[in-house]
K.L.:
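Sending over a structure as structure tokens; questions will come in a sec.
Chain naming here is simple, since letters A, B, ... match the order of the sequence lines and numbering starts at 1 in each. Note: hydrogens, waters and symmetry copies are ignored here, and every other heavy atom, side chains too, is used.
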Protein chains: 2
Amino acid sequence: MTTIKEIAKQANVSEGTVDRVLHNRGGVSIKTEETIKKILKENNFTANPIARALAMKSKYKLCTLIPGYDAANLFWKSPYMGILKGSEEVKNYGIEVTNFNYNQFDPKSYVDGFNNLMELNPSAVLIVPNFVNETKQIVKQLEKNNIPYIFFNIDLDGFNNISFIGQDSHTGGYVAAKLMHLSLGDNPTILTVQTRINISNSGISKRIDGFNDYFIKNNIPIERLFLDFDNINNVDESEVALNSMLDKNSHIQGIFVPSSRISIIANCIKKKHLKSLQLVGFDNTPQNIKCLEEDKISFIISQKPFNQGFESIHLLTDYLVKKKNPIQKNYSPIDILTKENARYNERFELEYENENPDLN
Amino acid sequence: MTTIKEIAKQANVSEGTVDRVLHNRGGVSIKTEETIKKILKENNFTANPIARALAMKSKYKLCTLIPGYDAANLFWKSPYMGILKGSEEVKNYGIEVTNFNYNQFDPKSYVDGFNNLMELNPSAVLIVPNFVNETKQIVKQLEKNNIPYIFFNIDLDGFNNISFIGQDSHTGGYVAAKLMHLSLGDNPTILTVQTRINISNSGISKRIDGFNDYFIKNNIPIERLFLDFDNINNVDESEVALNSMLDKNSHIQGIFVPSSRISIIANCIKKKHLKSLQLVGFDNTPQNIKCLEEDKISFIISQKPFNQGFESIHLLTDYLVKKKNPIQKNYSPIDILTKENARYNERFELEYENENPDLN
DNA sequence: ATTATTTTCGTGTGCGAACACGCAAATATA
DNA sequence: TATATTTGCGTGTTCGCACACGAAAATAAT
């Protein structure tokens, strides 16, 4: 590891001059600047990030804007925890992370959250862009202020986000279909259940497309039924609708839920139906895992949400501190969870929660 | 973040005295020591690891002792790459990592490697304990010198390793059986293929146990056949033996390979057999992934070997630098890979190799 | 009581980089 | 030629911690 001091000695200048060249501070003659640059290149110089971090002392502010979570829907807890853990690790690198939440069903809360966020004057932001039009507004402001941003979980096209972190939803659905096919054999009858509110969510519809594509590409005949709920959280209503559907269509063999709400569906279904059904859904929420373990659900497709949050912070930190440009698409794994392997899937989140019992 | 200076001020002593208490250097009166300790606790003090690393300047040496890899068996490449990436990250924290290889079929090379390693006087070591008796010798020396050690990939019992990093092999085999069952239905005929040299490997036999347990616990009748190779790398011989077995037993529906050598098996099998067979094996080596993509193999159970290597270095670093005691068993995920999701499974290894093309 | 020896601390320096201050030399303006 | 301004660069301080040196205060030995 060569240091600035060594570079300075080789170039016969002081450390300050090297520093000026490194940071383009100006005030260096062209000749010495070139000499120094040459020597820097020869020595393959990179600043010691440790010393750098110590000297900088919190220069960068990161902000995140993600949906909140509650007991009914814990999906957004994991990314948040991952973000927290990531924040801790980069804190000593001079990075300060502030999180803002919004209600994923309320565009106004999204914009409000963003406005609060902007008051902190962040160096970079992470956004879960749940609403397309509002995101356009938001992005306009970010770009005006030259603030780089990444998209998380939802992969909107046509924006200048420096990166995306999340799953390849289409393939996620495709894998779900493969598992369904594997469990049911050819010519299955499958019910797809979704919430109307989610129909506008591009990730969900990409999953459904992927699911369909599997059967088309592999030339597998299939009968498909659909059920849309207005409000999946209204358990009583859902229960009636779902079970009457199953009563009427006793040949339904599998239920596909392209969202994290599959446990709600599973818990609605009467036992007599449940035992002859294959359920496939998404995301490793505690409720979903419980259903897996109780044999109510056959497979869960997951995406390591904790890791996603954690990674995002590191990605932004590298971008700011090391000027390292991220790849465009950071696709997370498409994990296939069964009751046997689920408990091994995201150990780090559990460990982190155990180490920080006060977070809950 | 409270600093030593602030602690010192609160305790009405100098920074040096606080430092003495923090490092048990002695030379502090009982009274002031207790005052300082109380204040440290009140402030929940942890030393800034950045400043610490800068001041320490490489005080710890880590050594790893793992099997080498070659083109024929790339399994050990991934952990090695993970170790390399981990080493880079902790380098600036004053940790120096040196890797030693051995031939996994030669106990002598294992002991020789260890002796070379010991000359560096490591602060902690990582071992893949392929040979039980030799490991006993090795561990005796380590314990005599008070050098902490972790086991990697192979989980030997009865040792004082501070941690284990690897897969729960039994469950790995269990999941493999589930997938086999899912593909073949009840009453399947399954051939298990292994190498004689691996019979002593506890991980492999635990996988076979897990595989059997699945069918026993779920009360699924099954016909089992076995084939043992002396040297699986002798492709011609393996090919003849395997295909003649398949000719004679045309009712074999699935082949279970409890090791990373499944691609060798897959490539031996004649096409006419292959298309009607379900193959399930372990580990995401490039050859295995290729077979997955070519539809020769149905499922691969994987364990994120790159991550394992990477994690190990961080675990040992945390142990040395932050005195953080690791959990006993760091079980890796039991990933289910299909041709659809395989490419999303261990992105970081690919990225790391792309960033460092010189490593290959 | 005086000197010798511990015990108990404070002070100073270095790790490598960031950044502010200010001095000399070069150039411009009068 | 004298003065003002700009250009080019060296020096010093800071970040938080580790560690060495050595000084006062307390105790022991004479």
K.L.:
Sequence neighbours excluded, which residues qualify as salt bridge (charged side-chain N to carboxylate O under 4.0 Å, His left out) partners of A/Glu143?
P.N.:
none

K.L.:
Please indicate whether A/Lys329 has more than 12 foreign heavy atoms, meaning atoms of other residues, nucleotides or ligands, lying under 6.0 Å from its NZ.
P.N.:
yes

K.L.:
Hey, what's the ring geometry for B/Tyr80 with B/Tyr69, parallel, tilted or perpendicular (30° and 60° as the breaks)?
P.N.:
tilted

K.L.:
Is the gap between the ring centers of A/Phe159 and A/Phe151 under 6.0 Å?
P.N.:
yes

K.L.:
Any side-chain donor paired with an acceptor under 3.5 Å for B/Ser332 and B/Gln167?
P.N.:
no

K.L.:
Does A/Arg347 reach the main-chain N or O of B/Pro333 with its side chain, forming a donor-acceptor pair under 3.5 Å?
P.N.:
no

K.L.:
How would you summarise protein contacts on nucleotides 10-19 of chain C per nucleotide, using B for base, S for sugar-phosphate only and - for none, with heavy-atom distances below 4.0 Å?
P.N.:
BB--BBBBBB

K.L.:
Describe, in one word, how the ring planes of A/His314 and A/Phe310 are oriented to each other, choosing from parallel (under 30°), tilted (30 to 60°) and perpendicular (over 60°).
P.N.:
tilted

K.L.:
What residues in residues 30-38 of chain B put a non-hydrogen atom under 4.0 Å from any atom of DNA chain C?
P.N.:
B/Thr32

K.L.:
Do any N or O atoms from the side chain of A/Asn43 and from the backbone of A/Phe45 form a donor-acceptor pair under 3.5 angstrom?
P.N.:
no

K.L.:
Only pairs at least two apart or in different chains count here, so list each salt bridge (charged side-chain N to carboxylate O under 4.0 Å, His left out) that has a residue in residues 78-101 of chain B.
P.N.:
none

K.L.:
Per the end-axis method with five pairs at each terminus, what is the bend angle of the helix from C/dA1-D/dT30 to C/dA30-D/dT1, to 10°?
P.N.:
60°

K.L.:
What range of DNA chain D does chain A touch, first nucleotide to last, counting atoms under 4.0 Å from its heavy atoms?
P.N.:
D/dG8 to D/dG16

K.L.:
Do you know which of B/Val111, B/Asp112, B/Val128 makes side-chain contact (heavy atoms from CB on, under 4.5 Å) with B/Tyr102?
P.N.:
B/Val128

K.L.:
Does A/Val28 offer a backbone N or O that forms a donor-acceptor pair with the side chain of A/Thr32 under 3.5 Å?
P.N.:
no

K.L.:
Please check this pair: side chain of A/Asn48 against backbone of A/Ile50, looking for a donor-acceptor N/O pair closer than 3.5 Å.
P.N.:
yes

